[in-house]
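Letters A, B, ... mirror the listed sequences (proteins, then strands); counts begin at 1. Note that this is a predicted model, so its numbers are computed, not measured. Reckoned from all heavy atoms, side chains included, excluding hydrogens, waters and symmetry mates.
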Amino acid sequence: MLDIKRIRENEKEVRQGLKNRGADTTAIDKVTSLDKDRRKLLTDVEALKNRRNVVSKEIGVLKKKGENTDTIQAEMRDLGNKITAIDVQVREIDVQLDAQMLLIPNIPHSSIPVGPDKFSNKVVREFGKPATFNFKPKTHVEIGDNLGIFDFDRATKMTGAGFPLFVGTGARLQRALISFMLDMHVKEHGYKELWPPAVCNSASMRGTGQLPKMAEDMYHVTLDDLWLIPTAEVPVTNYYRDEILDKPLPIYLTAYTSCFRREAGSAGKETRGLIRVHQFDKVEMVKFVEPETSYDELELLVSNAEDVLKRLGLHYRVLMLCSGDISFSAAKCYDIELWAPGQNDWLEVSSCSNFEDFQARRANIKYRKDGKARLVHTLNGSGVALARLVVAILENYQQADGSVVIPEALVPYMGGITKLEKT
RNA sequence: GGAGAGGUGGCCGAGUGGCCUAAGGCGCAGCACUGGAAAUGCUGUGUGCUCCUAAAGGGCACCGUGGGUUCAAAUCCCACCCUCUCCGCCA
């Protein structure tokens, strides 16, 4: 959520930011007009309330002296009715104002390219070189089917399309990658590990910005009004919801969770394989930092995610997303994409964002600076998403005979297995 | 699912209609004491909104949430939510 004062005082800048995003600015019209009405009513009603408070106190004193207060009480009764009437108006405005504010996305940071869509994203760096093959590289689906490490048909039987099922060394690979990444973030990058719930309540979903806008993209357990998390960002960021942190910043948290996404509106797209699925696994990194340092922290966050890929010897590139391509809550965002030879394309495996105080305002997360409570800045990034990482590993490390070499760093986590082979 | 207890400031905790402008304690900050610290003492310490060009200062709201009663509600009434304990069921 944006600061209403920022809209009030820098309306032009806010409007320009929204335009750069390709977002609708009519909410700004509504907000500024509601805000004006609200403040006028508040001034009026607060003056009346002040009078009521003062007179009520006097009544108490007079009564103690045994004096008759019927006339003043009648007067105050009228005043009370006036107050109630205005309060009702204020409350109606508050509801509308809140609803509008929740729909306004974050303002893109000045350092990012302005553009309407992903074609304006900027490649900021590239690591490694594309793997070369003396045979035609297969897709991960062909490789995996041949090795028997996943089973999409049976997964469809037990659940439905888009829910992957890993088998044997495929399942082992998942577990190995999770441990490998968590260990790295905990031991080398200074994160504290959490193992959070896979469902969250609506307040948490609102806190990180999934609700109200993204309701259709999530699985909703209506009986209990709980939501399956689309990313560990939700439980991990809400870890500190409604708190004033008394520990020193920055705070780094990491967590592995399954992630659930309905992928509404993408029916028929990339239905085969692991690239777009309803449930996938991800290690997430979340940071709570002082506003002054949040952009430095973002660079560090990206490098933490890159370290995972470097260690696995994968070819990747880092994109700075343009104003039209960043997510609802983000002010600045880097995507990391892995090269997948079988797809002959780049795969997004990480998205690292600075939300500034946008989530902190919604989730009410503060810290103390010189005795004053201030909103923290929140950041998060995938470190990294498993399903597509597996795609890249299979496609990059595939051999002519159909086997797949396990990247060296992963071998200890695979219990010494160095190669996935048909059994 | 059944029964009971409870939700008050950063934290603990008192408070059953009007000096509650929320006692007391802990924590935190400043000062004093000290060679320095601890201990001790003193002082100060909530959040949000709003008025004011700004500062200074003023006002309003907030004791789980939402309603209600009253001139006046942390306190009385109604509904709901959450947490804890015990019992039942259960990995």
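- At a threshold of 4.0 angstrom between heavy atoms, the contacts of Ile72(A) with the nucleic acid are absent.
- Contact check, Arg91(A) against G67(B): a side-chain N or O comes under 4.0 Å of OP1 or OP2.
- Considering only side-chain N and O atoms, Arg77(A) lies under 4.0 angstrom from the phosphate OP1 or OP2 of C71(B).
- Distances shown here put a side-chain N or O of Arg52(A) below 4.0 Å from the OP1 or OP2 atom of A72(B).
- In a base pair of the Watson-Crick type (N1 to N3 plus N6-O4 or O6-N4) or a G-U wobble (N1-O2 and O6-N3), with each distance short of 3.5 Å, C82(B) is matched with G6(B).
- Across all strands shown, Arg51(A) has no heavy atoms under 4.0 Å from either base or sugar-phosphate atoms.
- Searching all strands for a Watson-Crick or G-U wobble partner of A74(B) with both distances below 3.5 Å returns nothing.
- Between Leu41(A) atom CG and A61(B) atom P the separation is 16 Å, expressed in whole Å.
- G17(B) atom P lies 15 Å from atom NZ of Lys63(A), rounded to whole Å.
- A salt bridge links Glu11(A) with Arg15(A): the distance from a Lys NZ or Arg NE/NH1/NH2 to an Asp or Glu carboxylate oxygen falls below 4.0 Å.
- Across all strands, Arg8(A) comes closer than 4.0 Å only to sugar-phosphate atoms, never to a base (heavy-atom distances).
- Separating the C1' atom of G36(B) from that of G27(B) is a span of 24 Å, rounded to the nearest Å.
- Across all strands shown, C62(B) is found opposite G46(B) as a Watson-Crick or G-U wobble partner, with both distances under 3.5 Å.
- Ring to ring, His109(A) and Tyr295(A) are close: their centroids are under 6.0 angstrom apart.
- Annotation: C84(B) and U70(B) have their C1' atoms spaced 35 Å apart (nearest Å).
- Rounded to whole Å, the distance from CD on Glu46(A) to P on C52(B) is 12 Å.
- Contact annotation for Lys366(A): backbone-only contact, meaning every heavy-atom pair under 4.0 Å involves sugar-phosphate atoms and none involves a base.
- The partner of C20(B) is absent, by the rule that a Watson-Crick or G-U pair needs both atom distances under 3.5 Å.
- Comparing C49(B), C60(B), U47(B) against the side chain of Arg38(A) picks out C49(B) as the nearest.
- Counting non-hydrogen atoms of neighbouring residues, nucleotides and ligands closer than 6.0 angstrom, the CD atom of Glu216(A) reaches no more than 12 such neighbours.
- Rounded to an integer number of Å, the gap from Asp94(A) CG to C60(B) P is 18 Å.
- Going from the P atom of G67(B) to that of A73(B) covers 14 Å, rounded to whole Å.
- Place Gln73(A) and Lys64(A) on RNA chain B by their nearest nucleotides, and Lys64(A) ends up nearer the 5' end.
- Put simply, Asn53(A) has a side-chain N or O that comes within less than 4.0 Å of OP1 or OP2 on A61(B).
- Here the separation of C77(B) from G17(B), taken at their P atoms, is 12 Å to the nearest Å.
- With contacts defined as side-chain heavy-atom distances shorter than 4.5 Å, the pair Pro407(A)/Tyr397(A) qualifies.
- Rounded to a whole Å, the OH atom of Tyr367(A) is 17 Å from the P atom of G10(B).
- Distance Ile4(A) CD1 to U50(B) C1': 13 Å, rounded to the nearest Å.
- When Asn380(A), Leu253(A), Leu300(A) are each tested for a side chain to side chain contact (heavy atoms under 4.5 Å, CB included) with Lys287(A), only one passes: Leu300(A).
- With both pairing distances under 3.5 Å, G88(B) is matched to nothing as a Watson-Crick or G-U wobble pair.
- Going from atom CG of Asp37(A) over to atom P of U50(B) covers 14 Å, rounded to whole Å.
- Ring to ring, Tyr252(A) and Phe288(A) are not that close: their centroids are 6.0 angstrom or more apart.
- Between the P atoms of G30(B) and A39(B), the separation comes to 15 Å (whole Å).
- Pair check for U53(B) finds none; no Watson-Crick or G-U wobble contact set falls under 3.5 Å.
- One P atom belongs to G6(B), the other to A91(B), and the distance between them is 34 Å to the nearest Å.
- When distances are taken from the side chain of Lys57(A) to each of G18(B), U50(B), U21(B), the shortest belongs to U21(B).
- Across all strands shown, U40(B) pairs with A32(B); the Watson-Crick or G-U wobble distances both stay below 3.5 Å.
- When rounded to the nearest whole Å, the span between CG of Leu79(A) and P of U70(B) equals 15 Å.
- When distances run from any side-chain atom of Ser56(A) to the nucleotides A72(B), G10(B), C49(B), the shortest one goes to A72(B).
- Nearer the 5' end of RNA chain B, as judged by each residue's closest nucleotide, is the contact made by Lys40(A), out of Lys40(A) and Val45(A).
- When the C1' atom is used for both U21(B) and G15(B), the distance is 15 Å, rounded to whole Å.
- Here the rule is salt bridge (charged side-chain N to carboxylate O under 4.0 Å, His left out) with Arg38(A), and of Asp87(A), Asp98(A), Asp94(A) only Asp94(A) fits it.
- Arg388(A) pairs with exactly one of Lys282(A), Glu337(A), Glu348(A) by the side chain to side chain contact (heavy atoms under 4.5 Å, CB included) rule, that one being Glu348(A).
- Comparing G18(B) with G7(B), their C1' atoms sit 26 Å apart, to the nearest whole Å.
- Nucleotide U69(B) has no partner under the Watson-Crick or G-U criteria, as no pair reaches both atom distances under 3.5 Å.
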